[in-house]
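Below is one structure, written out as structure tokens; the observations come after it.
So you know, we letter chains A, B, ... as the sequences are listed, proteins then strands, and number each from 1.
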Amino acid sequence: MPELPEVETLARELGMALVGRSIVAVEVCWPRSVAAPDPGTFVSRLTGRGIRDVRRRGKWLLLGLDGGEWLLVHLRMSGRLTVGRSDAPGDPHTRVVFYLDNGQRLHFSDPRKFGRMVLTAYPEEWLGDLGPEPLDPDLTPERLAEILQGRRMRLKPLLTDQRVLAGLGNIYADEILWRAGLHPLRRADTLTREAVARLHRALREVLEEAIARRGTTLADQRYVLPDGRPGEFAVSLAVYGRAGEPCPRCRALIVRTRIGGRSAHFCPQCQRFEHRG
DNA sequence: CAACCGACCTGTTCGC
DNA sequence: TGCGAACAGGTCGGTT
């Protein structure tokens with residue numbers, strides 16, 4: 001569920017709540033949520049550790065700990081991280097709980113159990129295959145053109161490939177392609193210079209606007225901020241989840257199809273496959 | 001290299 | 001109303 005804007009928002013807001021705190025106890029309710037090390041080692045190495053940094057890489061959340069180790073968290077489809085008082089009401093999907101020195105708890109809740117945590121001194125071993133950050137200033141239009149060059153993949157699966165760019169998922173890939181006026185089935189190596197420039201601009205605009213609105217909370221409310229409030233970008237979605245509704249740009253009806261086993265939404269008028277632009 | 005499929009999981013929505 | 005099928009923001013590994 002959470003993509004780059006959601007994890008970026010979490011990193012910022014969790015940072016305010018967690019940096020300077022320390023972990024006094026850890027409870028692992030669902031051992032498989034801890035990918036490494038084994039849960040016993042995970043708990044003993046975390047107990048008593050201070051949190052000095054919270055950041056994001058792709059869709060991973062990174063908590064920097066005193067002593068140089070990192071706690072990596074990937075929320076996958078249904079993971080949620082919230083901070084609350086000790087007497088917070090019980091959640092049947094709680095998988096891991098971190099007890100903090102100020103009486104608060106960091107809750108990891110995850111109904112589908114896909115989310116994973118890793119405690120490691122070598123985060124690059126887990127993050128090494130990730131492509132560049134879409135919002136990195138070094139990712140210029142020229143650099144994006146090099147990335148797309150020679151790739152025969154269709155744009156939609158390419159954008160969600162974490163080795164190509166880090167952090168895009170199903171929602172933002174659809175929104176970015178709509179903003180850029182590019183068909184999701186268009187082959188990456190067929191883009192003109194001008195089309196790459198549009199894609200580059202769309203990447204930055206969509207992601208920056210979504211971060212400014214603190215991410216997308218859909219109807220199921222699975223993604224929320226650490227204090228439980230929703231993100232506000234859902235109302236700004238142009239195509240995702242809007243099949244049959246008019247395109248905000250041209251009023252043609254949004255189409256939903258299936259690409260690489262995932263849903264894809266686009267405007268058949270604004271995003272023409274035949275256009276070489 | 002590119003595409004597709006099943007796994008991994010549970011909860012919610014859809015269609016008959 | 002009831003019930004099973006289909007579907008969900010992600011990723012991985014194996015096959016074609």
Side-chain angles (χ1 to χ4, degrees), chain A residues 1-10 29-36 56-61 72-81 91-96 108-118 125-131 134 147-178 184-190 206-207 210-211 213-225 230-244 256-265:
Chain A
M1 135 178 125
E3 306 179 26
L4 187 155
E6 289 74 37
V7 183
E8 177 66 27
T9 301
L10 278 177
C29 310
W30 181 256
R32 296 185 62 183
S33 294
V34 179
R56 177 193 62 77
R57 172 79 172 100
K59 298 175 193 172
W60 286 88
L61 193 71
L72 312 186
V73 183
H74 199 303
L75 300 170
R76 295 285 181 92
M77 295 284 268
S78 64
R80 164 190 290 183
L81 282 170
D91 172 352
H93 304 116
T94 294
R95 307 303 178 202
V96 183
F108 175 62
S109 165
D110 185 22
R112 292 180 70 177
K113 301 176 178 172
F114 288 166
R116 290 292 179 266
M117 296 189 175
V118 176
E125 287 180 3
W126 295 82
L127 310 175
D129 288 340
L130 292 177
I147 289 171
L148 300 178
Q149 186 182 19
R151 312 268 338 206
R152 304 182 63 196
M153 259 203 277
R154 305 166 298 183
L155 286 175
K156 174 69 188 284
L158 187 82
L159 288 183
T160 55
D161 186 332
Q162 302 301 295
R163 296 165 303 185
V164 176
L165 288 175
L168 303 184
N170 216 30
I171 294 179
Y172 294 106
D174 281 358
E175 293 298 311
I176 288 162
L177 288 172
W178 175 81
L185 290 176
R186 181 85 173 266
R187 305 268 158 179
D189 60 2
T190 68
V206 169
L207 294 176
I211 290 169
R213 298 237 175 272
R214 299 195 211 84
T216 300
T217 297
L218 297 176
D220 66 12
Q221 301 276 95
R222 212 31 233 172
Y223 162 74
V224 293
L225 306 186
E232 319 237 293
F233 191 68
V235 293
S236 302
L237 295 176
V239 290
Y240 185 86
R242 298 202 185 281
R256 174 191 155 122
T257 183
R258 197 151 272 276
I259 301 174
R262 327 250 3 238
S263 65
H265 313 72

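With hydrogens and angles ignored, a donor-acceptor pair closer than 3.5 Å exists between the side chain of A:Arg112 and the base of C:dA8.
Across all strands, A:Tyr172 comes closer than 4.0 Å to no nucleic acid atom at all (heavy-atom distances). Using a 4.0 Å heavy-atom distance criterion, A:Leu218 is classed as a base contact. Counting any heavy atom pair closer than 4.0 Å across all strands shown, A:Gln162 reaches sugar-phosphate atoms only and no base atom. Among the protein residues, A:Arg187 comes within range of the sugar-phosphate backbone only, with heavy atoms under 4.0 Å from sugar or phosphate atoms but none that close to a base. As judged by a 4.0 angstrom heavy-atom cut-off over every strand, A:Arg152 is placed among residues touching the sugar-phosphate backbone only. Among the heavy atoms of the strands lying under 4.0 Å from A:Gly169 are primed sugar atoms or P, OP1, OP2 only; no base atom is included. Within 4.0 Å (heavy atoms only), A:Arg258 reaches sugar-phosphate atoms of the nucleic acid but no base atom. Using a 4.0 Å heavy-atom distance criterion, A:Arg256 is classed as a sugar-phosphate-only contact. Among the heavy atoms of the strands lying under 4.0 Å from A:Thr216 is at least one base atom, whether or not backbone atoms are also near. Residue contacts shown for A:Pro2 are absent, as no nucleic acid heavy atom lies under 4.0 Å away. Among the protein residues, A:Met77 comes within range of the nucleic acid bases, having at least one heavy atom under 4.0 Å from a base atom.
Under a 4.0 Å N-O distance rule, the pair A:Asp189/A:Arg187 does not qualify as a salt bridge.
Comparing C:dT11, B:dG11, B:dA2 by their nearest atom to the side chain of A:Lys59 picks out C:dT11. For A:Arg76, taking side-chain heavy atoms from C-beta onward, the closest of the listed nucleotides B:dA2, C:dA8, C:dG10 is C:dG10. Side-chain proximity of A:His93 to the nucleotides B:dG11, B:dA2, C:dG10 is greatest for B:dG11.
Within the 4.0 Å cut-off from OP1 or OP2 of C:dA8, at least one side-chain nitrogen or oxygen of A:Ser263 is found. OP1 and OP2 of C:dC7 both lie 4.0 Å or more from every side-chain N or O belonging to A:Arg262. Close to B:dA3, at under 4.0 Å from its OP1 or OP2, lies a side-chain N or O of A:Arg154.
Rounding to whole angstrom units, OH of residue A:Tyr223 and C1' of B:dG11 are separated by 21 Å. The interatomic distance linking A:Asp110 (CG) with B:dC8 (P) rounds to 16 Å, in whole Å. The distance between atom CG of A:Asn170 and atom C1' of C:dC7, rounded to the nearest whole Å, is 12 Å. Atom pair A:Ile171:CD1 and C:dC7:P shows a separation of 18 Å (rounding to whole Å applied). The interatomic distance linking A:Arg163 (CZ) with B:dA3 (P) rounds to 12 Å, in whole Å. Atom CG of A:Leu159 and atom P of C:dT11 are 14 Å apart (whole Å). Spacing between atom CZ of A:Arg116 and atom P of B:dC9 amounts to 7 Å, rounded to whole angstrom units. The separation between A:Phe108 atom CZ and B:dC9 atom C1' is 12 Å, rounded to whole Å.
When the C1' atom is used for both B:dC8 and C:dC3, the distance is 25 Å, rounded to whole Å. C:dG10 and B:dC1 have their C1' atoms separated by 22 Å, with the value rounded to a whole Å. Of the P atoms belonging to B:dC9 and C:dG2, the separation is 31 Å, rounded to the nearest Å.
With values rounded to the nearest 0.5 angstrom, A:Asp174 atom CG is found 9.5 Å from A:Arg262 atom CZ. Rounding to the nearest 0.5 angstrom, the gap separating the CG atom in A:Leu225 from the CZ atom in A:Arg80 is 10.5 Å.
Counting only heavy atoms from C-beta outward, the side chains of A:Leu148 and A:Leu158 approach each other to under 4.5 Å.
With centres under 5.5 Å and a plane angle under 30° as the test, the ring of A:Phe114 is not stacked against the base of C:dT11.
Pairing for B:dC9 is absent, judged as Watson-Crick or G-U wobble with the two contacts each under 3.5 Å.
Listed here is the closest heavy atom pair of A:Pro111 and A:Arg95: O-NH2, 3.3 Å.
Between A:Glu3 and A:Tyr223, the side chains place no donor N or O within less than 3.5 Å of an acceptor N or O (distance only, hydrogens not considered). A:Ser109 and A:Arg222 are linked by a side-chain donor-acceptor pair at a separation below 3.5 angstrom, with hydrogens and angles left out of the test.
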